Amino acid sequence: MFAIGNENPKCLVEQSVNAALEDAVIDAEALLLERFSELSLADLAADFARRRPVAKRERN
């Protein structure tokens, strides 16, 4: 889901930054997957239905 930059794998600065952020990226990915597991298509459909009339009015 997330990718840490790896444009120059021999760059020591890039290696240090990637190592420092690795745990944060793993935590962020886990949190997003948890939130996604709580979301249903019915939730998305209800949100879409709520937004649609507003979007139609704004286009006219």
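Positions are given from 1 along the sequence. Because the structure is a prediction, the values reported are computed rather than measured.
- Expressed to the nearest 0.5 Å, how far CD of Glu29 lies from CD of Glu34 amounts to 13.0 Å.
- Other residues, nucleotides and ligands contribute only 12 or fewer heavy atoms inside 6.0 Å of the CZ atom of Arg52.
- If you take CG on Leu33 and CZ on Arg35, they are separated by 12.0 Å, rounding to the nearest 0.5 Å.
- Between the Asp43 side chain and the Ser40 main chain, a donor and an acceptor come within less than 3.5 Å of each other.
- Minimum interatomic distance between Asn8 and Glu14 (heavy atoms only, all atoms of both residues): N-OE1, 3.2 Å.
- Here Phe48 contributes atom CZ and Leu41 contributes atom CG; the two are 13.5 Å apart, rounded to the nearest 0.5 Å.
- Asp27 contributes atom CG, which lies 11.5 Å from atom CG of Leu32 (distance to the nearest 0.5 angstrom).
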